[in-house]
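Report on the following structure.
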Amino acid sequence: MKLHEYRSKQLFAKYGVLIPRGRVAMTAHEAKSIARELGGPVVIKAQVLVGGRGKAGGIRLVHTPEEAEEAARQILGMQIKGLPVRKVLVDEAAEIRSEIYLGVTNDRAARCPVMIASAEGGIDIEEVARTLPDKIVRVHIDPLLGMREYQARYLAVSIELPREHWHDFIDMACGLYRVFTNSDATLAEINPLVITDDNRLVALDGKMVLDDNALFRHPDLAEMRDLDEEAPAEREARRFGLSYLKLDGTIGCMVNGAGLAMATMDVIKLFGAEPANFLDIGGGAGAEKVAVALNLILRDANVKAVMFNIFGGITRCDEVARGILAALDESKGDIPMVARLVGTNEDEGYKLLAKANMIMATSLADAAQKAVALAVESQLQ
Amino acid sequence: MSILINKDTRLIVQGITGREGIFHTSRMMDYGTQVVAGVTPGKGGEWVLEGKVPVFDTVHRAVEITGANTSVIFVPARFATDAVMEATDAGIALIVCITEGIPIRDMMKVRQYLDQQGSRLVGPNSPGLLSPGECKVGIIPGHITQPGNIGVVSRSGTLTYEVLYALKLQAMGISTCVGIGGDPINGTSFIDVLGMFEVDAHTDKIVLIGEIGGTDEERAAEYISDHITKPVVAFIAGRTAPPGKRMGHAGAIVEGGAGLAADKIAALEYAGVAVVEYPEKILDFLK
């Protein structure tokens with residue numbers, strides 16, 4: 001789960017990271033009064049959970065409260081990469097002398113957190129990582145011991161940070177690590193961390209991603225979820241414990257297990273069509289969950305054929321069949337369907353599905369070939 | 001005829017009185033696994049499955065009384081890391097964690113702790129292990145495979161079943177199947193298992209099933225080209241999956257854009273591994 005910039009920076013501030021004065025606004029009028037309170041030039045920043053806000057025109061520097069109101073009005077009406085802008089952050093503008101990158105994430109391969117710093121912060125940091133890898137410094141952090149001061153000092157020295165800023169930088173780096181672990185984050189990032197003209201070290205932008213599996217420990221953070229982050233169908237799927245992702249193809253697929261679901265999509269593509277979705281019903285799904293899943297698939301107008309690939313273990317094929325029948329009772333569509341069931345109670349499952357007008361398949365490849373043929377046929381009609 | 005588990009495995013089940021725990025304990029015993037005890041705090045002294053399996057409050061006590069050497073964990077995610085640490089503290093050599101959804105921070109700490117203690121963890125989010133005809137630890141359905149000379153190592157669950165079943169339909173069997181689990185931080189990697197199959201006298205060929213994300217497959221490829229002499233066939237799921245949700249700049253910097261199916265396939269092919277386009281194709285390279 002991602003946190004908005006303003007939420008991330010508020011959290012950072014609690015751990016001793018200096019952030020610009022500012023507040024979030026939901027209307028242009030509010031933005032104007034915040035700008036008046038702050039005095040001087042301000043930056044109006046769209047609060048949406050995608051990158052590239054600046055390039056999309058979602059970040060504007062303005063000089064008066066009236067300009068702030070106008071900019072906020074424009075930005076609040078925008079959609080950035082399909083996401084509506086519902087809030088803007090109004091921050092005091094900073095005179096920037098230099099931009100630093102500072103972030104912490106988990107390094108899967110090293111099996112521990114890693115803190116990364118660079119003197120070349122800003123929007124091109126990934127380009128820097130590719131072309132000038134020496135400009136990126138990293139320290140791995142022992143998950144049992146936590147971040148040590150000397151490690152933060154090592155980063156400060158390695159990015160040639162002026163000595164007068166070491167003290168503040170070390171506090172910030174250690175604070176950033178603490179907010180990262182205390183929130184069960186998978187990413188906490190300050191980019192840019194700037195040195196201002198009046199020689200302060202300030203976090204201009206902040207980003208946090210939280211581990212969904214750990215949200216049970218953080219009800220206060222879980223509440224901050226921005227529902228716009230997910231499409232409505234994906235949100236509904238999550239509510240029922242399904243993992244669903246809409247794609248652009250024509251073959252809807254329902255599978256148990258993420259690996260098998262991906263393999264099923266791959267096979268559909270191999271036989272010449274595109275999957276309409278990724279859908280993993282998980283282990284041991286009951287009929288009700290299966291019915292919800294099929295309804296999600298059928299709601300997608302691009303779907304020309306549906307393919308079920310169920311390998312029963314914990315999941316029982318007869319339960320899946322019951323869920324399919326329940327969903328078909330409600331829907332009136334005539335989308336052709338192919339079923340392939342193996343494992344726990346497969347015979348009962350096939351017997352149930354015999355009542356529906358469904359094509360049976362014997363293997364994954366067989367099912368995919370049949371589904372692709374059906375989709376092509378129904379597109380020709 | 002197997003690695004990691006065999007006829008001599010003496011298994012305890014942590015979380016035996018839960019719904020999943022009791023169901024799969026019964027399946028494991030039907031398969032012939034020696035389940036010597038269960039552990040559920042607060043239920044010590046009870047017996048389950050028609051009085052066949054004693055339940056203890058702690059792993060220490062269960063080990064002391066029964067001489068268990070392996071544990072399988074079915075407890076919910078928020079208690080699972082504690083269960084792993086308890087097992088290693090009690091001297092269990094092989095711990096298999098079925099539980100999914102464990103916070104990554106907890107897993108990093110556990111992994112660090114285990115490395116210091118010297119226990120081996122398989123999982124979490126693993127379907128477990130199966131040595132046909134000898135022993136089953138976890139939830140892999142027993143009837144979908146049979147004894148043979150192929151070693152299977154996989155990051156996936158049901159996709160692995162798909163492969164085992166396809167092999168069985170062609171009268172091919174396996175020495176051991178190890179599900180290393182799909183989580184970002186796990187106890188046992190492809191490399192660990194590949195090394196064991198290489199020296200196992202009863203494994204002649206190896207099947208590796210990977211998926212997108214991380215760099216485990218790339219590291220496995222490097223290891224295969226340096227250390228593995230037995231033929232390896234691989235399938236990588238996720239060729240058509242859309243690029244994952246971006247993890248800020250830090251993720252891109254750390255992983256350097258790796259994790260795509262194409263990168264993994266290229267690395268494996270470079271190491272001399274036959275990478276197939278769909279699971280059933282694996283058969284063509286094993287005949």
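In what follows, every chain begins at residue 1, and chains take the letters A, B, ... in the order their sequences are listed. Just so you know, these numbers use all the heavy atoms, side chains as well, and skip hydrogens, waters and symmetry mates.
- Ranked by heavy-atom pairs shorter than 4.5 Å toward chain B, the options A/A110, A/P113, A/G343 are led by A/P113.
- To the nearest 0.5 Å, atom CE of residue A/M262 and atom CG of residue B/L159 are 8.0 Å apart.
- Comparing B/G210, B/S156, B/A237 by how many heavy-atom pairs each has under 4.5 Å with chain A, the most go to B/A237.
- Among all heavy-atom pairs drawn from B/T215 and A/A109, the shortest one is OG1-CB, 4.1 Å.
- Surrounding NZ of B/K168 are more than 12 heavy atoms belonging to other residues, nucleotides or ligands, all under 6.0 Å away.
- With a 4.5 Å cut-off on non-hydrogen atoms, B/E280 touches chain A through its side chain but not through its backbone.
- For a heavy-atom cut-off of 4.5 Å, chain A lies close to B/I104, B/R105, B/D106, B/M108, B/K109, B/R111, B/Q112, B/Y113 in residues 104-113 of chain B.
- For B/I236, the part lying under 4.5 angstrom from a heavy atom of chain A is the backbone only.
- Here A/R217 is the residue among A/M265, A/R217, A/M115, A/R130 with the most heavy-atom pairs under 4.5 Å with chain B.
- Put simply, the residue from A/V267, A/D266, A/L270 that forms a side-chain contact (heavy atoms from CB on, under 4.5 Å) with B/R239 is A/D266.
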> Given A/L144 and B/Q116, is the side-chain contact (heavy atoms from CB on, under 4.5 Å) satisfied, shown in steps?
Replying inline: CA-CA 12 Å; A/L144 297 176; B/Q116 291 164 8; 4.1 Å; yes
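- If you measure heavy-atom distances from A/T264 to chain B, you find no contacts under 4.5 Å at all.
- Counting heavy atoms from C-beta outward, A/V342 and B/Y165 have side chains that approach closer than 4.5 Å.
- Neither the backbone nor the side chain of B/F23 has a heavy atom closer than 4.5 Å to any heavy atom of chain A.
- In terms of the side-chain hydrogen bond (donor to acceptor under 3.5 Å, both in side chains) criterion, B/N186 has no residue partners (sequence neighbours excluded).
- Across A/P275, A/S363, A/G51, A/G283, the residue that shares the most heavy-atom pairs under 4.5 angstrom with chain B is A/S363.
- The part of B/I102 that comes within reach of chain A is its backbone (N, CA, C, O), which places non-hydrogen atoms under 4.5 angstrom from that chain.
- If you measure heavy-atom distances from A/D211 to chain B, the contacts under 4.5 Å come from the side chain alone.
- Proximity to chain A (any heavy atom under 4.5 Å) is restricted, for B/R155, to the side chain, taken from C-beta onward.
- For A/F180, no part sits under 4.5 Å from any heavy atom of chain B, backbone or side chain.
- By the 6.0 Å contact criterion, NZ on A/K269 is open, its count of non-hydrogen atoms from other residues, nucleotides or ligands being 12 or less.
- Residues meeting the salt bridge (charged side-chain N to carboxylate O under 4.0 Å, His left out) test with A/D228, sequence neighbours left out: A/R86.
- Interface remark: of the candidates B/R27, B/E277, B/E100, B/E277 forms the most heavy-atom pairs closer than 4.5 Å to chain A.
- The salt bridge (charged side-chain N to carboxylate O under 4.0 Å, His left out) test applied to A/D124 returns no partner, not counting sequence neighbours.
- For A/D212, no part lies near chain B; criterion is any non-hydrogen pair under 4.5 Å.
- Between the B/T158 side chain and the A/F311 main chain, no donor and acceptor come within less than 3.5 Å of each other.
- Counting non-hydrogen atoms of other residues, nucleotides and ligands closer than 6.0 Å to CG of A/D142 gives a total above 12.
- The shortest distance between side-chain heavy atoms of A/L364 and B/P279 falls below 4.5 Å.
- With a 4.5 Å cut-off on side-chain heavy atoms, A/L260 and B/E162 count as touching.
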